[in-house]
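All ligand and atom numbering here is 1-based and tracks the order in the structure.
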Amino acid sequence: MDPIVWDWIGAGLRWLHVIAGIAWIGSSFYFVHLDSSLKPREGLPPGAYGEAWQVHGGGFYHMVKYLVTPPNMPDELTWFKWEAYATWISGFALLVFVYYFGAELYLIDKAVMDLSPWAAIGISVGSLVLGWAVYDLLCRSPIGRSEAWLGLVGFGFIVAVTWGFTEFFSARGAFMQAGALMGTIMAANVLMIIIPNQRKVVKVLLAGGTADPRLGRIGKQRSMHNNYITLPVVFVMIANHYPLAYGAAQSWLILAFLIVMGTAIRHFFNTMHKGLPAPWWTWWIAGGCALIIVALSRGTPADPTTTTGFLPQPAVSAQAVTLAQASEIVSTRCSMCHAREPVWDGIITPPKGVLLDTPEHVAAHAEEIYVISVWTHAMPPSNITEMTIEERRRLARWIADGQAARLAQQ
Ligand code: HEC
């Protein structure tokens, strides 16, 4: 396909995915908030469970929740499901577009496992299906009766699976795969549990019966899972711009702390929305996790063979490296893609506008090169141009000397 059209398809898919995600997360956060703030009051219509008053857009809303069929039930009911389905469909399309069509660049790292694109795609799709099945079984098992145990076991499961992904895929592919699994669990919760249960309840209520309260309870449980994992999932979705997150040697551990951090923040807001005293302690957890994440990514260089000083630093070559030499390395390993006219098949403009074709450009991007190719091995993608450890060490030396020179000038 024409590479320019192809590129725009990618932009369109991303746009759609972000918009659908905003609609889904927005409506689901809204309903969790509404549900928590409902108050039972005197004088509500028969069958009403609670009410809430809200103000928005220049008017007042009087929200009333019925757990039985309301006396004057209109024919028209708004269901909230396409937000979730559209988010998953566009997200999966994006996964196919970026990670399956670009498997050799983004999903596979031959140094991790020498997979063929089809094998990698098979493992990716298979793990989404299997991951959902295991999660669903956990929820239905006796563990599912205790929120605390389910939370703990579910958390352990996601972290373990993420570690597993790092044994199969490239660093970036593994991180995104973990996000795709969590997103798939969320969407499948809506498709397989929440909406079917809601349908059954509505059907019984419309027939004048009383619905099995278990159906609602299960739906609520899944919807709270979705609510709590939203923040970590959104981070993983933007993390492909942050090699320090996915490119660290222990990216699965970073993800574990991100999950704790995201759920703690969510818990703060959920508790506030119930009108309960604000649980400020959650911010201590979130802040602590943030510090640990930064410390982990400082302490986990991609090449942990040497230590200098207190924190392990990436190994630096012993010999001084000039800009011309550094630029030579970059031009053999990077500038086939990062040039005004890239010569890499399928890449038609310098990716992210990053030009690394002249010594001046290389010098201008020194800090980025450090994060992306020395501290982590995020570039070249999947080390496709076979940059050696020695070359990374030499870049490290060149950057370290440059920093020292700059410090001396100040
Ligand atoms: C095979 C082509 C290819 C090679 C070789 C390559 N890159 Fe990249 N680079 C890309 C692509 C594609 C992106 C955009 C990634 C994305 O979509 O997130 C990128 C993004 C970047 C970014 C911007 C990251 C961001 O999100 O802002 C930097 C910096 C970078 N590369 C540096 C390098 C360095 C340094 C090298 C050599 C060591 C290198 N690249 C080698 C294809 C390449």
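- Residue contacts with ligand 1 for Leu356 involve side-chain atoms from C-beta outward but no N, CA, C or O (heavy atoms, distance under 4.0 Å).
- Contacts with ligand 1 closer than 4.0 Å are made by no heavy atom of Val330, backbone or side chain.
- Considering Met379, His241, Glu391 only, the shortest heavy-atom separation from atom 33 (C) of ligand 1 involves Met379.
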Step-by-step side-chain hydrogen bond (donor to acceptor under 3.5 Å, both in side chains) determination, Asp109 to Asn383
CA-CA 7 Å; Asp109 182 345; Asn383 202 17; over 6 Å; no

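- For Ser373, every heavy-atom contact with ligand 1 shorter than 4.0 Å involves the side chain, none the backbone.
- Side-chain contact of Ser335 with His338: a donor-acceptor pair under 3.5 Å is absent, judged by distance alone.
- The 12-atom threshold is not exceeded at CD of Glu104, counting heavy atoms of other residues, nucleotides or ligands nearer than 6.0 Å.
- Counted by atom type alone, Ser90 and His17 present one or more donor-acceptor pairs between their side chains at under 3.5 Å.
- Distance alone, capped at 3.5 Å, places no donor-acceptor pair between the Thr271 side chain and the Leu276 backbone.
- Under 4.0 angstrom from ligand 1, the non-hydrogen atoms of His338 all belong to its side chain.
- Around CH2 of Trp79, the count of heavy atoms belonging to other residues, nucleotides or ligands within 6.0 Å exceeds 12.
- Counting protein heavy atoms only, atom 25 (C) of ligand 1 is closest to Lys352 CG, 4.0 Å.
- Of the heavy atoms in Tyr106, only side-chain atoms (C-beta onward) come closer than 4.0 Å to ligand 1.
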Just do the side-chain contact (heavy atoms from CB on, under 4.5 Å) check on Trp163 and Ile158 with the steps written out, would you?
CA-CA 9 Å; Trp163 172 81; Ile158 295 287; over 6 Å; no

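- With a 4.0 Å heavy-atom cut-off, ligand 1 is reached by the side chain of Pro381 but not by its N, CA, C or O.
- Summary of contacts: the protein heavy atom closest to atom 3 (C) of ligand 1 is Cys337 SG, 2.7 Å.
- With hydrogens and angles left out, the side-chain atoms of Ser124 and Gln177 include a donor and acceptor closer than 3.5 Å.
- Atom OH of Tyr85 and atom CH2 of Trp24 lie 10.0 Å apart (nearest 0.5 Å).
- Between the choices Arg172, Arg392, Arg14, Met336, the shortest heavy-atom distance to atom 15 (C) of ligand 1 belongs to Arg172.
- Assignment of Met387 to the shell around ligand 1 is supported, since a heavy atom sits closer than 4.0 Å.
- Protein heavy atom nearest atom 37 (C) of ligand 1, with residue, atom name and distance: Cys334 SG, 1.7 Å.
- Nearest non-hydrogen protein atom to atom 5 (C) of ligand 1 is Arg333 O, 3.3 Å.
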